[in-house]
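Basis for what follows: all heavy atoms, side chains included, without hydrogens, waters or symmetry-related copies. A note on names: the letters A, B, ... follow the listed sequences, proteins ahead of strands, and every chain is numbered from 1.
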Amino acid sequence: MLLCYGERNASGRPDSQAAHRDGTIGRPMDTNYDPQKIEAKWQKFWEEQKLFDADIAPGRRKYYVLEMLPYPSGDIHMGHVRNYSIGDALARYMSMKGFNVLHPIGWDSFGLPAENAAIKHQRPPAEFTFAYIDRMRRQLKRLGVSYDWRREVTTCAPEYYRWNQWFFLKMYERGLAYRKKSRVNWCPQCETVLANEQVVDGCCWRHEDTPVVEKDLEQWFLKITDYAERLLEDMKELVRWPERVLTMQQNWIGKSKGTEVGFSIDELGLPLRVFTTRVDTIFGCTVVFLAAEHPLIGKLIAASKEPEKLRSEVERIKNSSVHARVEVNLEKDGVATGFHARNPYNGELVPIWVANFVLTEYGTGAVMAVPAHDQRDFEFCTTFNLPIRTVILPKDGEPKAKLEAAFTEFGKLVNSGPYTGLTSERAIERMTHDAEADGFGKGTIQYRIKDWGISRQRYWGTPIPMVYCDACGVVPVPASELPVLLPADIKLTGTGQSPLASVGEFVTTTCPKCGGPARRETDTMDTFVDSSWYFYRYTDPKTDSAPISSEAVNYWFPVDQYIGGIEHAILHLIYMRFFTKVMKDIGLVSFSEPVARLFTQGMVIKDGSKMSKSKGNVVDPTAMFEKYGADTVRLYMLFAAPPEKDLDWSDTGIEGASRFLNRVYRTISKYAENFGAVESLLGKLPRPAASPEYTAEERNLLRKAHQVLRHVTKDMEDRWHFNTDIALTMELVNELTEMDAAISEGRIRTEVLKETLEILVLILALFAPHIADELWEGIGHSGATLRVAWPAYDPVLAAEEELELPVQVNGKLRTRIRVAVDASEDDIRQFAVADEKVAQYIDGHQVVRVIIVPQKLINIVVK
RNA sequence: GCGGGGGUGGCGGAAUUGGUAGACGCAAGGGACUUAAAAUCCCUUUUCCCUUCCGGGAAGUGAGGGUUCGAUUCCCUCCCUCCGCACCA
């Protein structure tokens, strides 16, 4: 039925694909749409053509599309399919626009699930991991995403993780990696430590029902706090990031400006510093609170008249303190220490209490309590009958006779010695200044963010490249000796001990400094280290003299578009920014922010909740590929909702997507005869002078086609509402169906039909690339659509000639009139008033005003 | 409590700068084709009301108010819902 490439070659046109050895390329279209056959055919062709291989091409505009790399859990899920379908539509569009597109993928392949599976089945984690990677790679290839597979990065490979170790050593050199004993969050399920970012509502981020417990352990930390200010400051560059993500990061960093004030413990003559953002309220301070873990507590107990009693009381507070809490609202609790603190502003002595809501890690671990102007202090002092003194009045208003809650707003100072009468704003300034002048305090900035604890007592991660020597202490492994390899033979027990500690040949080593006997560090790194820089490695995954190659990074960076789930808003996306800043400081890169634009897609949900094994509502993508083909699954993913919103999976919805592709296939295969010799005018702007006069029917068809092309082009540039792009593509197919008679009877010339079908196929190439390539071949072209330049729409053809304008009388729609696009306002007015229906509504009334909005509507106002 | 989304037919969703509300798809109902079924094609489908088939009217985008010739869109008050943060001094 269709042309053969043989025929066309006979006419003298070159066609490299006709000789393709496979034998399926260049054959006529089948009558029926067979996605399995078509998708296999084109995936093979793409691979053989090295269609997605991207190389540095100086002078050519590049575009780096990045999607979050998957953890190899064994099977891809619908969230991946959605993420990668969005990325692929963009990558393909940018390729067709002529950009040199880098579109890589890799595996976030260290981590707990593989280790847990390994313990269960008594097989090495590497075995699971590599088997799963193979399986998921096949699944992703089945999806047909335009990845440059030569650039695949696997984070658990020594060639990759050695550079994690290298970064660690660089940070250690600069004092950014350090070890300290600290209270850590421990997940009894994971049998390891969690970063603060990984604790959600007091529970583990992976085990929502498992409360985190606390342990004191020697841990390695990365000093992200040194970068807190820059992480905030550089957000100015992130203009193309979702506001939501920036806000979440801002809250996480939690900058607050305040004053540190030196109180002193009167009985012991010890200094006691507190941090406050409201130094203007300090004359209302009636108590000082300590956290139960405050470093001075020991001394207080020792000096106490009743040390045992105080010790047990403090122990009680510790147990009820905010650390252990899982539920949201904790009763205020505390105990008086019997000691007193002297307020340096007025010399007053106030009692020192230990309170359960005071955090050790924030500020100085001690706070001045101003019950009249802080709600928490108010609640505490009310409970324990401590004095409350008002020192701030509302700027315009009387104080309440009886306080029912703290007045926490700014106001005017009273009862505040020399500062009485000042506004809060002025007082904060003056009082901080005076403290600095007198040396008992200073203005400071506090951050909520804490250093990033990266030690994990697990096996399947990057070994931390440090050595403990009895003579030299803690010694870094020299960079020349990297990687410190993860031993392959190991028995995993899951007891909570670092598994590496039981591997004698790993632990026993010599000191790099003195050559004496030494032990290796047996903790491994948090896997978020791996994902903090993997997207640099893609640009030159084989380079082995440095983590990155400057030439490659300079060409490909920044990442033009990063696409992934919102769940990484503060974890991965803040670590990644931190790493880049460190890389800048050590001279590896010249910029501060790696990602120019971020897009966070919505989740795929079913029956109202996120797909999960426990809920039993998981839809397996590979089963869908088998049933409908990858193109249908992609099309449905993009059609069912705009990409930033959650997407409801519907079994009948995907049927609709499948029906549509079948319909497109049928429609095109029906018309696509004899196209070989015909040249369309697509993309030729302006149309050549000799181009044909179109009939009304031809104009209608071309108008619709170019309007759809216009919409899709504009949408791809910014808005990404693929659902509307696909809806319009459906409208175009509907239009073709409606014009079936005109086409069959030859009233639409072949070049017009061909142009329309070309537009249809090239748009489809973004969302359903396999069928698009098949149809592209079917209508007389050769090769992949990816190599076809994205066609420019013709604004003249897309323009409407006649409009249907709604006519309103007093804002109510009464009729519609058809007018030429260029009709004058006078003409339109006359038309409208002359209309029979309109006349009914204005008869007997006075026309007050006639509003004509060009191209939009007419509104006649009557009285 | 604070911060940020969102609320449109039976369902997913359109309406991009204030200008025809419900595009497109799903589901449902009816019809054609078929021995039959599947597939496909055609028609109907916001609600209510009037009407003898033609056709016509009113209401309608969470609720109430405001601005405007005109509001899903802008402003105010409130309700619901989702997400993030949450004793951070």
Colleague: Select base, sugar-phosphate, or nothing to describe what A:Val853 touches, counting heavy atoms under 4.0 Å on all strands.
Modeller: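 Contact class for A:Val853: base.
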Colleague: Choosing from B:rA23, B:rG25, B:rC69, which nucleotide comes nearest the side chain of A:Arg849?
Modeller: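 Among the listed nucleotides, the one closest to the side chain of A:Arg849 is B:rC69.
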Colleague: Under a 90° cut-off about 0 for the syn range, is B:rG18 syn or anti?
Modeller: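 It is anti.
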Colleague: Using the P atom on both, measure B:rG29 against B:rU20 and round to a whole Å.
Modeller: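 34 Å, rounded to whole Å.
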Colleague: So, OP1 or OP2 of B:rA15: does either fall under 4.0 Å of a side-chain N or O from A:Arg719?
Modeller: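 Indeed, a polar side-chain atom of A:Arg719 lies that close.
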Colleague: Start at the 5' end of RNA chain B and walk down; is the nucleotide closest to A:His711 or to A:Ile726 reached first?
Modeller: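 Its nucleotide being nearer the 5' end, the pick is A:His711.
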Colleague: Look at the side chain of A:His373 and the backbone N and O of A:Thr390, then say whether any donor-acceptor pair between them is shorter than 3.5 Å.
Modeller: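 Pair absent, no side-chain N/O of A:His373 close to backbone of A:Thr390.
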Colleague: Return the value, rounded to whole Å, for the distance between atom CD of A:Gln250 and atom C1' of B:rG84.
Modeller: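 It is 13 Å, rounded to the nearest whole Å.
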Colleague: Using the C1' atom on both, measure B:rA63 against B:rC80 and round to a whole Å.
Modeller: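 Going atom to atom, C1' in each nucleotide, I get 10 Å.
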Colleague: Would you say the side chain of A:Glu260 lies within less than 4.5 Å of the side chain of A:Phe440, judging by non-hydrogen atoms?
Modeller: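 With C-beta onward as the side chain, the pair stays apart.
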Colleague: Can you confirm if the aromatic rings of A:Tyr636 and A:Tyr628 lie within a centre distance of less than 6.0 Å?
Modeller: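 Between A:Tyr628 and A:Tyr636, the centre distance exceeds or equals 6.0 Å.
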Colleague: Please determine whether a side-chain nitrogen or oxygen atom of A:Asn723 lies at a distance below 4.0 Å from atom OP1 or OP2 of B:rG12.
Modeller: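 So the side chain of A:Asn723 is outside the cut-off, no N or O lying under 4.0 Å from OP1 or OP2 of B:rG12.
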Colleague: Name the nucleic acid region contacted by A:Tyr447, choosing base, sugar-phosphate or nothing; use a 4.0 angstrom heavy-atom cut-off, strictly under.
Modeller: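 A:Tyr447: no heavy atom of the nucleic acid under 4.0 Å.
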Colleague: Determine: side-chain N/O of A:Tyr841 to OP1/OP2 of B:rG57, distance under 4.0 Å, yes or no.
Modeller: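 Yes, A:Tyr841 has a side-chain N/O under 4.0 Å of OP1/OP2 on B:rG57.
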Colleague: Please determine, for B:rG3, whether a Watson-Crick or G-U wobble partner exists with both distances under 3.5 Å, and give it or none.
Modeller: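 Matched B:rG3 with B:rC83 under the 3.5 Å cut-off.
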Colleague: Side-chain N or O of A:Thr724 less than 4.0 angstrom from OP1 or OP2 on B:rA15?
Modeller: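 Answer is no, no contact under 4.0 Å.
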Colleague: With a non-hydrogen cut-off below 4.0 angstrom, is A:Glu804 in contact with a base, only sugar-phosphate, or nothing?
Modeller: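 Base, at least one base atom sits under 4.0 Å.
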Colleague: Nearest to the side chain of A:Phe357, heavy atoms from C-beta on, is which of B:rC69, B:rA89, B:rG12?
Modeller: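 Nearest nucleotide to the side chain: B:rA89.
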Colleague: Classify A:Ser256 by what it touches in the nucleic acid, base, sugar-phosphate, or nothing, heavy-atom distance under 4.0 Å.
Modeller: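 Since only primed, P, OP1 and OP2 atoms lie under 4.0 Å of A:Ser256, the category is sugar-phosphate.
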Colleague: What is the nucleic acid contact for A:Lys714, judged by heavy atoms within less than 4.0 Å: base, sugar-phosphate only, or nothing?
Modeller: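 Touches nothing.
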Colleague: Now, which nucleotide makes the Watson-Crick or G-U wobble pair with B:rC33, with each of the two distances under 3.5 Å?
Modeller: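 Partner of B:rC33: none.
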Colleague: Of the options A:Glu800, A:Glu731, A:Glu738, which is the one that meets A:Lys704 in a salt bridge (Lys or Arg N to Asp or Glu O under 4.0 Å)?
Modeller: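 That would be A:Glu731.
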Colleague: Quick one: look up who B:rC24 pairs with, Watson-Crick or G-U, both distances under 3.5 Å, and put none if it's unpaired.
Modeller: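 Across any shown strand, B:rC24 pairs with B:rG12.
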Colleague: Taking the C1' atom in each of B:rC26 and B:rA32, what is the distance between them to the nearest angstrom?
Modeller: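 After rounding to an integer number of Å, I get 23 Å for this pair.
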Colleague: Figure out the CG/C1' separation between A:Leu638 and B:rG12, and round it to whole Å.
Modeller: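 In whole Å, B:rG12 C1' and A:Leu638 CG are 15 Å from each other.
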Colleague: Measure the distance from CD on A:Glu379 to C1' on B:rC87 and round it to the nearest whole Å.
Modeller: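 Rounded to whole Å, this separation is 8 Å.
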Colleague: Can you tell me the distance, in whole Å, between the OH atom of A:Tyr636 and the P atom of B:rC26?
Modeller: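 Value for this atom pair: 11 Å.
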Colleague: Separation of A:Leu813 atom CG from B:rA71 atom P, in whole Å?
Modeller: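 The distance from CG of A:Leu813 to P of B:rA71 comes to 13 Å, rounded to the nearest Å.
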Colleague: Quick one: label A:Gly656 by what it contacts on the DNA or RNA (base, sugar-phosphate, nothing), any heavy atom closer than 4.0 Å.
Modeller: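 Sugar-phosphate, no base atom in range.
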Colleague: Just the rounded figure in Å: distance from C1' of B:rU81 to CG of A:Asp646.
Modeller: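 Going from CG in A:Asp646 over to C1' in B:rU81 covers 13 Å.
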Colleague: Say you pick atom P in B:rU45 and the same atom in B:rG22; how far apart are they, in whole Å?
Modeller: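 My reading of the P atoms in B:rU45 and B:rG22 gives 12 Å.
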Colleague: Checking A:Ser669 side chain against A:Arg666 main chain: does a donor-acceptor pair fall under 3.5 Å?
Modeller: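 Side chain of A:Ser669 to backbone of A:Arg666, a donor-acceptor pair under 3.5 Å: yes, one is there.
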Colleague: Look at all strands and tell whether A:Arg376 reaches a base, only sugar-phosphate, or nothing, counting heavy atoms closer than 4.0 Å.
Modeller: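 Base contact - A:Arg376 has a heavy atom under 4.0 Å of at least one base atom.
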Colleague: Can a side chain N or O of A:Arg659 be found less than 4.0 Å away from OP1 or OP2 on B:rA38?
Modeller: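 For B:rA38, OP1/OP2 do not have a side-chain N/O of A:Arg659 under 4.0 Å.
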Colleague: Just checking A:Phe722: base, sugar-phosphate only, or nothing, at a heavy-atom cut-off of under 4.0 Å?
Modeller: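 A:Phe722: no heavy atom of the nucleic acid under 4.0 Å.
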Colleague: I'd like to know if A:Asn859 reaches the base of B:rC69 with its side chain, counting only an N/O donor and acceptor under 3.5 Å.
Modeller: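 Such a pair is found, so the answer is yes.
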Colleague: On RNA chain B, nearest-nucleotide positions of A:His721 versus A:Val367: which is more 5'?
Modeller: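 Comparing both residues, the 5'-ward one is A:His721.
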Colleague: Side chains of A:Tyr93 and A:Glu717 only: does a donor on one sit below 3.5 Å from an acceptor on the other?
Modeller: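 Short answer, yes.
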Colleague: For A:Thr729, which of A:Thr724, A:Leu760, A:Val664 qualifies under side-chain contact (heavy atoms from CB on, under 4.5 Å)?
Modeller: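 It is A:Leu760; the other options fail the test.
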Colleague: A:Trp252 CH2 to B:rG4 P: how many Å, rounded?
Modeller: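 In whole Å, B:rG4 P lies 20 Å from A:Trp252 CH2.
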Colleague: Which value, in whole Å, describes the distance between the P atoms of nucleotides B:rG62 and B:rG13?
Modeller: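 Looking at atom P only, B:rG62 and B:rG13 are 15 Å apart.
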Colleague: With a non-hydrogen cut-off below 4.0 angstrom, is A:Gln808 in contact with a base, only sugar-phosphate, or nothing?
Modeller: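 Base, at least one base heavy atom under 4.0 Å.
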Colleague: So, OP1 or OP2 of B:rC41: does either fall under 4.0 Å of a side-chain N or O from A:Arg666?
Modeller: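 For B:rC41, OP1 or OP2 has a side-chain N or O of A:Arg666 closer than 4.0 Å.
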Colleague: Both distances under 3.5 Å, Watson-Crick or G-U wobble: report the partner of B:rG64, or none.
Modeller: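 B:rG64 is paired with B:rC76.
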Colleague: For B:rG25, take OP1 and OP2 only and decide whether either is under 4.0 Å from a side-chain N or O of A:Asn734.
Modeller: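 For B:rG25, OP1 or OP2 has a side-chain N or O of A:Asn734 closer than 4.0 Å.
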Colleague: Taking the same atom, C1', in B:rA14 and in B:rC24, what whole-Å distance lies between them?
Modeller: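 Going atom to atom, C1' in each nucleotide, I get 7 Å.
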Colleague: Rounding to a whole Å, what distance do you find between A:Ile817:CD1 and B:rU20:C1'?
Modeller: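 Atom CD1 in A:Ile817 sits about 13 Å away from atom C1' in B:rU20.
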Colleague: Check this one for me: any side-chain N or O of A:Arg448 less than 4.0 Å away from OP1 or OP2 of B:rA89?
Modeller: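 No.
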Colleague: Would you check if A:Arg663 and A:Val733 make a side-chain contact, meaning some heavy-atom pair closer than 4.5 Å?
Modeller: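 Result yes, sub-4.5 Å side-chain heavy-atom pair found.
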Colleague: With the side chain of A:Lys812 defined as its heavy atoms from C-beta on, choose the nearest nucleotide among B:rA58, B:rG25, B:rU20.
Modeller: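 Of the candidates, B:rA58 comes closest.
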Colleague: Under 4.0 angstrom, heavy atoms only, what part of the nucleic acid is A:Thr277 near: base, sugar-phosphate, or nothing?
Modeller: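 Sugar-phosphate contact only.
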Colleague: Rounded to whole angstrom, note down the P distance from B:rC11 over to B:rA27.
Modeller: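 15 Å, rounded to whole Å.
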Colleague: Need one value for A:His373: base, sugar-phosphate or nothing, where a base atom within 4.0 Å counts as base even if backbone is also close, heavy atoms only.
Modeller: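 The answer is nothing, as A:His373 stays clear of every strand by at least 4.0 Å.
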Colleague: What about A:Phe767 and A:Phe639, are their ring centers closer than 6.0 Å?
Modeller: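 So the answer is no for these two rings.
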Colleague: Identify the nucleotide, in any strand shown, that forms a Watson-Crick or G-U wobble pair with B:rA58, with both distances under 3.5 Å; if there is none, say none.
Modeller: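 Pair assignment: B:rA58 / B:rU47.
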Colleague: Could you measure between the two P atoms, the one in B:rG6 and the one in B:rU73, and give it in whole Å?
Modeller: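 Taking atom P in both B:rG6 and B:rU73, they lie 13 Å apart.
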